[in-house]
Amino acid sequence: MPVLLRLYLDEEFLEHFNNREDFDASKLPKQDLLDLIEASLPMLFSMQDMSRGEIYDILFNKEEHGSLINWSNKALHPATTHHWASLTGAKNLNFMFSTLDDIDKQWEYFYRRLPFLLTYLLECTEQIVFDLLQLNPALYTERLEERAAFFISQGKGGQNA
């Protein structure tokens, strides 16, 4: 997501990417990442009350045990030993030999955080696409309102079939 936001919001990103040998598109200092998240806040419809710090903590904060970056590191690497927040347990390999209790915790994690991540990605991406294609802003607002109405209807009286 940071690369997509940088392509859209940072005028120098492509210039640096194409012309600087020392440029690493995947590396971004914390303050720059916070600024990028801040710049994405106006794109958000359903998360208007969230701060850049809250979004950073959920997605990128390596000091937060439950951040997406730490869980994805554990999912991608059999053993993680570089940081306490994503440390592999003793006699364990991340996600490979999960106990039933571990699996329950992993599902709980994903069910709690995946909707946030997908909503953040969707709303930022839609805003970028609508802007780049110069589509009618009223259509974007209409899509957001339809989506919000759908989710509200799903929350009333339990699950709707």
Side-chain angles (χ1 to χ4, degrees), residues 1-77 80 83 85-86 94-95 105-161:
M1 187 67 199
V3 172
L4 178 64
L5 288 173
R6 290 173 78 184
L7 278 167
Y8 180 68
L9 297 169
D10 183 354
E11 295 175 8
E12 297 177 345
F13 179 77
L14 277 179
E15 178 69 26
H16 290 270
F17 183 80
N18 289 327
N19 298 314
R20 284 187 37 203
E21 291 294 323
D22 64 336
F23 184 73
D24 184 349
S26 66
K27 300 282 186 205
L28 199 60
K30 178 181 177 179
Q31 187 57 50
D32 290 348
L33 190 51
L34 285 166
D35 292 344
L36 196 60
I37 294 168
E38 180 80 28
S40 76
L41 292 178
M43 298 179 194
L44 304 178
F45 177 76
S46 62
M47 296 184 258
Q48 294 175 351
D49 294 334
M50 293 198 73
S51 70
R52 71 182 188 161
E54 290 170 315
I55 294 171
Y56 174 82
D57 286 346
I58 292 169
L59 298 178
F60 304 111
N61 191 345
K62 291 182 180 180
E63 300 300 319
E64 291 286 331
H65 174 72
S67 71
L68 188 65
I69 192 73
N70 283 331
W71 274 68
S72 61
N73 279 337
K74 289 180 93 167
L76 294 171
H77 305 287
T80 47
H83 197 276
S86 62
N94 292 330
F95 293 90
K105 289 177 184 173
Q106 291 160 3
W107 277 116
E108 180 183 344
Y109 173 85
F110 288 112
Y111 277 119
R112 290 179 169 266
R113 288 166 183 84
L114 199 56
F116 170 83
L117 173 64
L118 293 175
T119 302
Y120 182 76
L121 290 170
L122 175 67
E123 291 185 4
C124 288
T125 303
E126 275 187 330
Q127 181 65 42
I128 291 168
V129 168
F130 269 72
D131 183 50
L132 292 176
L133 296 178
Q134 299 179 349
L135 299 175
N136 183 348
L139 178 61
Y140 178 66
T141 303
E142 183 180 315
R143 286 176 51 88
L144 292 174
E145 289 170 353
E146 286 174 4
R147 187 178 308 129
F150 170 77
F151 286 123
I152 290 169
S153 73
Q154 295 302 301
K156 291 182 180 177
Q159 294 181 352
N160 294 335

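None of the values given here were measured: they were computed from a predicted structure. For the numbers below, each heavy atom of this structure counts, side chains included, while hydrogens, waters and symmetry mates do not.
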Crowded around [X] [atom1]? As in, over 12 foreign heavy atoms under 6.0 Å?
X: E11; atom1: CD; result: no
X: E12; atom1: CD; result: no
X: F17; atom1: CZ; result: no

A side-chain contact here means heavy atoms from C-beta on lying under 4.5 Å apart; do [X] and [Y] qualify?
X: F116; Y: L68; result: no
X: D10; Y: H16; result: no
X: L4; Y: I128; result: yes
X: Q48; Y: F45; result: yes

Is a donor on one side and an acceptor on the other found under 3.5 Å between the side chain of [X] and the backbone of [Y]?
X: S67; Y: E63; answer: no
X: E123; Y: S46; answer: yes
X: S153; Y: F150; answer: yes
X: N19; Y: E15; answer: yes

Working to the nearest 0.5 Å, report the span between [atom1] of [X] and [atom2] of [Y].
X: I37; Y: L59; atom1: CD1; atom2: CG; value: 6.5 Å
X: F60; Y: L33; atom1: CZ; atom2: CG; value: 5.0 Å
X: L144; Y: E146; atom1: CG; atom2: CD; value: 9.5 Å
X: M50; Y: L44; atom1: CE; atom2: CG; value: 9.0 Å
X: L114; Y: Y109; atom1: CG; atom2: OH; value: 9.0 Å
X: D57; Y: R52; atom1: CG; atom2: CZ; value: 11.5 Å

Next item on the list: Dump the intermediate steps for side chain to side chain contact (heavy atoms under 4.5 Å, CB included) on L36 and R6, then the final yes or no.
Entry: CA-CA 7 Å; L36 196 60; R6 290 173 78 184; 3.6 Å; yes

Next item on the list: Mind running side chain to side chain contact (heavy atoms under 4.5 Å, CB included) on Y8 and M43 for me, showing each step along the way?
Entry: CA-CA 12 Å; Y8 180 68; M43 298 179 194; 3.5 Å; yes

Next item on the list: Would you tell me whether Y140 and D131 have side-chain atoms, one donor and one acceptor, within less than 3.5 Å of each other?
Entry: no

Next item on the list: Might you work through the side-chain hydrogen bond (donor to acceptor under 3.5 Å, both in side chains) test for S40 and Y120, ending with a clear yes or no?
Entry: CA-CA 9 Å; S40 76; Y120 182 76; 2.7 Å; yes

Check: Checking salt bridge (charged side-chain N to carboxylate O under 4.0 Å, His left out) for the pair R147/E126: CA distance, chi angles, key distance, verdict?
Finding: CA-CA 13 Å; R147 187 178 308 129; E126 275 187 330; 2.7 Å; yes

